[in-house]
Amino acid sequence: MRQLIAGNWKMNGLRASLDQIDALARALRDKAPHTDVLVCPPATLLAPAAARAAGSFDLGGQDCHAMPSGAFTGDVSAEMLADAGATAVILGHSERRQGHGETDALVNGKARAAWRAGLLAVICVGETETERDEGRALDVVAGQLAESVPGAATGGKTAIAYEPVWAIGAGKTPGRPEIEDMHHHIRALLTQRFGDEAALIRILYGGSVKPSNAREILGIDGVDGALVGGASLKAAEFLAIIDAAPPPA
Ligand code: PGA
């Protein structure tokens, strides 16, 4: 399975930042990476970014509404993301769960909306520091997975991003054994529910991935890629992470 290296720009980027999209597109056209590459800029930049990427990598949204259209002021639908050139959408990021009160049930509906629009749903799960300290990380993630991932998940339309909340933007990451344990746990839970199909669902790690730790993290058994925040904003750093990914087994 090819790894997926996904960038989450969060609420960063004006039109001037499209030069980073250009730089990434140039570099990826020159050297055909051995990973899939996805960049999720703010929705305002999706259409111009898709035009400039011109197929050299994929674009995605950072959230969507569950409905295709309607009286939902300020929201963006999965169909709108697809229309702007997205092929994927990040869902249930902890910043949405915490800052916007998103529940597992809501994320589940958004994932089904993403599929309806033909998008890959990148569904985020992860424990807080307190939950880890209390020894509840595995249970918390199991609960999020059970409720946020709809029953019809397949590898072609679903990826899971394990993002420990305490590692996001914090400059610290779990150790190798913690990441490996969690990814194996997630894989086992997916296999219970989806059988053989589970092997095709990529499980990304996210939280303070940067060029200096990418080789180690992406080399951990069970890690099928990364969801990268801060280090995805500069093409050179993001490219270094893409380069650090192991080739498909
Ligand atoms: P970070 O963010 O890489 O800046 O820690 C990751 C994320 O929130 O997806």
Side-chain angles (χ1 to χ4, degrees), residues 3-13 17 20 24 35-43 45-46 49 57-64 81 86 88-102 107 110-111 114 119-129 131-132 137 140-141 144-145 148 158-176 178-179 182-183 186 202-220 223-245:
Q3 290 208 350
L4 170 62
I5 308 298
N8 173 12
W9 281 19
K10 309 192 180 185
M11 197 172 73
N12 297 293
S17 316
Q20 298 306 307
L24 197 58
T35 71
D36 291 339
V37 177
L38 171 68
V39 175
C40 302
L45 295 183
L46 264 179
F57 58 90
D58 293 325
L59 275 304
Q62 300 174 10
D63 177 44
C64 70
L81 296 175
V89 60
I90 298 168
L91 296 173
H93 190 282
S94 63
E95 287 153 17
R96 304 279 327 162
R97 291 177 184 268
Q98 293 189 336
H100 297 264
E102 292 200 3
V107 176
K110 291 181 176 200
L119 302 179
L120 172 78
V122 181
I123 302 174
C124 303
V125 297
E127 81 286 358
T128 63
E129 188 149 41
E131 288 163 343
R132 177 158 287 271
V140 166
V141 168
Q144 290 172 333
L145 270 184
S148 308
T158 317
I160 306 299
Y162 166 55
E163 299 206 305
V165 178
W166 51 273
I168 293 175
K172 57 182 177 179
T173 63
R176 175 186 266 280
E178 284 79 24
I179 294 177
M182 185 61 85
H183 280 243
I186 293 172
R202 285 182 284 200
I203 306 172
L204 317 182
Y205 168 79
S208 296
V209 176
K210 42 189 191 250
S212 59
N213 62 18
R215 192 169 300 281
E216 180 177 10
I217 290 173
L218 294 170
I220 296 174
V223 173
D224 306 315
L227 181 54
V228 184
S232 71
L233 292 170
K234 291 270 173 286
E237 279 190 53
F238 194 50
L239 282 162
I241 294 171
I242 294 165
D243 279 343

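Ligands are counted one by one from 1 in listed order, and the atoms in each one are counted from 1 as well. Because the structure is predicted, anything quoted here is derived from the model rather than measured.
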salt_bridge(Glu102, Lys110) N-O dist < 4.0 Å: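 Judged by the 4.0 Å cut-off on N to carboxylate O distance, Glu102 and Lys110 do form a salt bridge.
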
Ser148: side chain to side chain donor-acceptor pair (under 3.5 Å) partners, not counting sequence neighbours: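 In terms of side chain to side chain donor-acceptor pair (under 3.5 Å), with neighbours along the sequence ignored, Ser148 is linked to Arg97, Asp104.
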
Pairing residues for Asn213 by the side chain to side chain donor-acceptor pair (under 3.5 Å) criterion, not counting sequence neighbours: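 Partners of Asn213 under the side chain to side chain donor-acceptor pair (under 3.5 Å) test: none.
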
side-chain hydrogen bond (donor to acceptor under 3.5 Å, both in side chains) contacts in which one or both residues fall within residues 163-176, not counting sequence neighbours: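 Counting only pairs at least two positions apart or across chains, the side-chain hydrogen bond (donor to acceptor under 3.5 Å, both in side chains) contacts touching residues 163-176 are His93-Glu163, Glu127-Trp166, Glu129-Lys172.
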
First-shell residues of ligand 1 [heavy atom, distance under 4.0 Å]: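 The answer is Asn8, Lys10, His93, Glu163, Ala167, Ile168, Gly169, Gly207, Ser208, Leu227, Val228, Gly229, Gly230, counting any residue whose heavy atom sits under 4.0 Å from ligand 1.
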
Gln3 (side chain) donor-acceptor with Leu218 (main chain) under 3.5 angstrom: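 Between the backbone of Leu218 and the side chain of Gln3 there is a qualifying donor-acceptor contact (under 3.5 Å).
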
Exercise: do Ser17 and Gln20 side chains pair donor with acceptor under 3.5 Å: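 Judged by distance alone, the side chains do not pair up.
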
